[in-house]
Amino acid sequence: MKTSSLLLTGCLVLCSMLWTGATAGTVSLATLTVHAVPRLPLPAVDCGGEPCDAVLRGLHAFLDRTPNGLDGNGRACADCHMPADSFQLSPASAEARFQFLQWRRRVDPGADDPLFRPIDADDFRINGETAADFSNLRQNGLVRITLTLPPTIRLIDPVTNAVSNETTVDVWRSVPTVNNVALTGPDVSGPVWPRDPNPTGGYQLDARITTLQEQALGALVNHAQISRPPQKLLDDLSSFQRTLFTNQHVRALADAVRQGATALPDPDPPLNELEQQGKTVFERACSQCHGGAGQSTPVFPVNRFSTISSQCPRPVDTVTPARFSFAECPSRLARNARTYEIVLSLPTQGPAGMIPAGTKVRRTSSDPGRALQTGFVGGPGPFDDWDKLDVPGLRGLRATAPYFHNNSAATLEEVVDHYVQFFKRIETLTIPGAAASPAASTDGVHFDRIPRPEERAALLAYLRKL
């Protein structure tokens with residue numbers, strides 16, 4: 001772990017101990033020893049509607065590698081959601097920690113960093129507990145998510161090109177920040193998807209999780225390998241995470257939403273002329289999907305879930321010259337793609353005409369998204385679950401590079417460039433004479449949401465202020 005993260009972790013734990021008023025004596029934190037102060041009256045504190053004692057217990061649990069003394073693999077929430085990295089995990093942080101671990105092992109062969117556990121090694125399925133290839137963690141900042149395949153989807157063996165007998169699949173996803181989670185999750189004010197789970201959105205990148213308690217349970221079981229975390233621990237972690245915000249303006253917005261205010265405060269900081277111009281571009285080009293208080297709720301008639309073609313491989317135009325051109329996935333990400341055999345749920349347009357429902361087809365993706373939850377693939381593109389993911393919040397994104405579910409966009413410039421191609425592709429997919437998609441059109445006629453070249457600098461300036 002980077003030194004700055006260690007210092008922050010130690011300070012947070014120590015301050016919380018003093019805050020709760022440890023009795024006179026000595027408090028030890030690893031090699032850090034301080035003399036505790038006598039219990040003092042607590043000042044009035046606003047914990048954002050959460051019980052303050054639960055928030056403090058949640059803070060301890062978030063940083064504790066053996067929460068409540070439970071056996072696991074030694075990982076704390078903070079090992080992946082790093083406080084020094086905006087409560088996310090970037091490839092740069094993962095690689096720095098790996099290199100620091102190698103340096104420590106020159107002196108102490110038994111040195112350890114719980115981030116690097118076999119469960120998230122690339123070769124875990126081959127070598128089990130001796131796995132040691134952490135390429136996806138180090139190069140991409142991605143962790144393994146294991147999902148059960150639905151009955152209508154099967155994996156193709158890459159060696160034999162035949163249907164395999166695998167019943168689960170590993171997809172590799174980023175570790176998103178837990179800042180501002182009080183503003184995201186299920187939102188009944190937005191459009192409703194026709195299928196569960198969580199048709200109004202949820203937690204995790206594919207919205208498969210309903211509550212922060214469920215999210216904590218999944219992380220503790222699947223990533224920290226703790227078998228039976230108690231409900232109180234999950235509740236405490238939820239309370240703590242609901243107090244995490246990128247700045248006081250976003251916190252004030254969350255307070256207003258929680259209190260049911262009819263007029264919500266603008267969480268934007270003061271903007272200069274260029275940034276204000278960028279906000280105007282954002283409202284036209286981005287807010288139809290990144291709407292609502294958390295900037296994570298699409299605005300009807302835009303669909304609740306969408307694909308933005310960030311998976312690998314990416315669409316390639318068959319027309320010359322190409323009408324759109326996404327950046328090609330680098331090999332370090334492209335290697336995560338698998339081919340699937342799918343039973344189509346509805347008749348689907350193919351290159352040579354309509355393909356009947358029930359037909360078996362093959363598709364390749366590094367992450368089929370919600371299709372792995374529902375098994376529903378086929379029919380009109382907007383309602384096909386293939387590659388569909390939830391809409392993330394954007395507040396604080398200037399500090400959470402890289403971007404997208406697979407960390408495939410290194411900078412905000414790459415994000416904007418990707419969306420320019422995304423809008424261009426939507427136009428190519430529109431049937432002549434049909435209404436333009438509301439994701440790309442403000443009036444159903446003109447494809448006018450796409451950021452124009454002369455607007456790029458202003459949009460980037462505004463994004464950096466969120």
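- Every ring-ring contact (aromatic ring centres under 6.0 Å, His included) that Phe62 has, sequence neighbours left out, goes to Phe87, Phe240.
- Judged purely by atom type and a 3.5 angstrom limit, Thr348 has no side-chain atom pairing as donor or acceptor with the backbone of Leu344.
- Each of Thr374, Asp385, Asn198 was evaluated against Trp193; a single residue qualifies, Asp385, per the side-chain hydrogen bond (donor to acceptor under 3.5 Å, both in side chains) test.
- Remark: the backbone N or O of Asp236 is not paired with any side-chain donor or acceptor of Arg57 at under 3.5 angstrom.
- Contact of the His81 side chain with the Leu89 side chain is not registered, since no non-hydrogen atoms from C-beta on lie closer than 4.5 Å.
- The structure places CG of Leu389 at 9.5 Å from CZ of Phe305, a figure rounded to the nearest 0.5 Å.
- Side-chain contact of Glu166 with Ser164: a donor-acceptor pair under 3.5 Å is present, judged by distance alone.
- A donor-acceptor pair under 3.5 Å is absent between the side-chain atoms of Arg144 and the main chain of Trp172, judged by distance alone.
- Sorted pairs that involve residues 214-224 and meet salt bridge (Lys or Arg N to Asp or Glu O under 4.0 Å), not counting sequence neighbours, are lacking altogether.
- The closest donor-acceptor contact from the side chain of Asn73 to the backbone of Arg117 lies at 3.5 Å or more, if one exists at all.
- Judged by distance alone, the side chain of Asp64 and the main-chain N or O of His60 form no donor-acceptor pair under 3.5 Å.
- Without hydrogens or angle criteria, Ser174 side chain to His405 main chain gives a donor-acceptor distance under 3.5 Å.
- In this structure, Arg138 does not pair ionically with Asp122, as no charged nitrogen and carboxylate oxygen lie closer than 4.0 Å.
- Residues passing the side-chain contact (heavy atoms from CB on, under 4.5 Å) test with Leu429, sequence neighbours excluded: Arg425.
- Residues Arg173 and Leu142 fail the side-chain proximity criterion, which asks for heavy atoms closer than 4.5 Å.
- The pair Glu455-Arg284 meets the salt-bridge criterion, since a charged nitrogen lies less than 4.0 angstrom from a carboxylate oxygen.
- Between Tyr340 and Trp386, the ring center distance clears the sub-6.0 Å criterion.
- In this structure, the side chains of Pro229 and Leu234 come closer than 4.5 Å at one or more pairs of heavy atoms.
- Under the 3.5 Å distance criterion, with hydrogens and angles disregarded, no donor-acceptor pair is assigned to the side chains of Thr246 and Asn179.
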- [ ] Applying side chain to side chain contact (heavy atoms under 4.5 Å, CB included), run through Lys360 and Arg154 and close with a yes or a no.
- [x] CA-CA 10 Å; Lys360 293 180 179 179; Arg154 287 289 175 263; over 6 Å; no

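- A salt bridge links Asp390 with Arg304: the distance from a Lys NZ or Arg NE/NH1/NH2 to an Asp or Glu carboxylate oxygen falls below 4.0 Å.
- Gln288 places a side-chain N or O within donor-acceptor distance of the main-chain N or O of Ala285, the cut-off being under 3.5 Å.
- Checking Ser296 against His290 by side-chain atom types alone, no donor-acceptor pair falls below 3.5 Å.
- In this structure, Phe282 and Leu466 approach most closely via the heavy-atom pair CE1-CD1, 4.5 Å.
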TODO: Please assess Thr168 against Leu149 for the test side chain to side chain contact (heavy atoms under 4.5 Å, CB included), listing each intermediate value before the final yes or no.
DONE: CA-CA 5 Å; Thr168 63; Leu149 289 169; 5.8 Å; no

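- With hydrogens and angles left out, the side-chain atoms of Asp187 and Thr200 include no donor and acceptor closer than 3.5 Å.
- The closest side-chain donor-acceptor pair between Ser408 and Ser310, if any, does not fall under 3.5 angstrom.
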Return all side-chain donor-acceptor pairs below 3.5 angstrom for residues 323-333, not counting sequence neighbours, or 'none' if the list is empty.
unit_1	atom_1	unit_2	atom_2	d
Arg323	NE	Asp317	OD2	2.9
Arg323	NH2	Asp317	OD1	2.8
Arg332	NH1	Asn140	OD1	2.6

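- Not counting sequence neighbours, Phe423 has no partner by the ring-ring contact (aromatic ring centres under 6.0 Å, His included) test.
- The shortest distance between side-chain heavy atoms of Val377 and Thr152 does not fall below 4.5 Å.
- For the residue pair Gln88/Thr177, the side-chain donor-acceptor check at 3.5 Å is not satisfied.
- With hydrogens and angles ignored, the 3.5 Å screen pairs no side-chain donor or acceptor of Tyr419 with any backbone N or O of Ile308.
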Open item on the list: What verdict does the salt bridge (charged side-chain N to carboxylate O under 4.0 Å, His left out) test give for Asp387 and Arg370, after you've listed the backbone C-alpha separation in whole Å, the side-chain angles of each residue and the deciding distance to 0.1 Å?
Closed with: CA-CA 7 Å; Asp387 281 357; Arg370 286 178 61 85; over 6 Å; no

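- Partners of Phe98 under the ring-ring contact (aromatic ring centres under 6.0 Å, His included) rule, at least two apart in sequence or in another chain, are Phe116.
- In this structure, Gly202 and Ala207 approach most closely via the heavy-atom pair N-CB, 3.4 Å.
- Salt-bridge formation is not detected for the pair Asp268/Lys465: no Lys NZ or Arg NE/NH1/NH2 atom is positioned less than 4.0 Å from an Asp or Glu carboxylate oxygen.
- Side-chain atoms of Thr66 do not come within 3.5 Å of backbone N or O of Gly69 as any donor-acceptor pair.
- Within the 3.5 Å criterion, the main-chain N or O of Ser306 finds no donor-acceptor partner in the side chain of Asn303.
- Taking the charged nitrogens against the carboxylate oxygens, Arg338 and Asp157 have no contact shorter than 4.0 Å, which rules out a salt bridge.
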Open item on the list: Asp120 vs Arg75, test: salt bridge (charged side-chain N to carboxylate O under 4.0 Å, His left out). Steps then yes/no.
Closed with: CA-CA 12 Å; Asp120 282 317; Arg75 276 182 173 172; 2.7 Å; yes

TODO: Give the C-alpha distance, both sets of side-chain angles, the deciding distance and a yes or no for side chain to side chain contact (heavy atoms under 4.5 Å, CB included) between Ile145 and His223.
DONE: CA-CA 9 Å; Ile145 307 295; His223 297 289; 3.8 Å; yes

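- Residues Pro83 and Leu63 share a closest heavy-atom pair of CG-CD2, 4.3 Å.
- Residue Gly141 comes nearest to Pro91 through the heavy atom pair N-CG, 3.7 Å, listed as atom of the first residue, atom of the second, then distance.
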TODO: Apply the test side chain to side chain contact (heavy atoms under 4.5 Å, CB included) to residues Gln373 and Leu147: give CA-CA distance (whole Å), side-chain angles for both, the deciding distance (0.1 Å), then the verdict.
DONE: CA-CA 8 Å; Gln373 301 297 316; Leu147 300 170; 3.7 Å; yes

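- Remark: the Asp235 side chain and the Gln231 side chain contain an N/O donor-acceptor pair separated by less than 3.5 Å.
- Between Arg464 and Glu413 there is a salt bridge, since at least one side-chain N of the basic residue sits less than 4.0 Å from a carboxylate O of the acidic one.
- Electrostatic pairing of Arg104 and Asp113 does not count as a salt bridge here, judged by no charged N lying under 4.0 Å from a carboxylate O.
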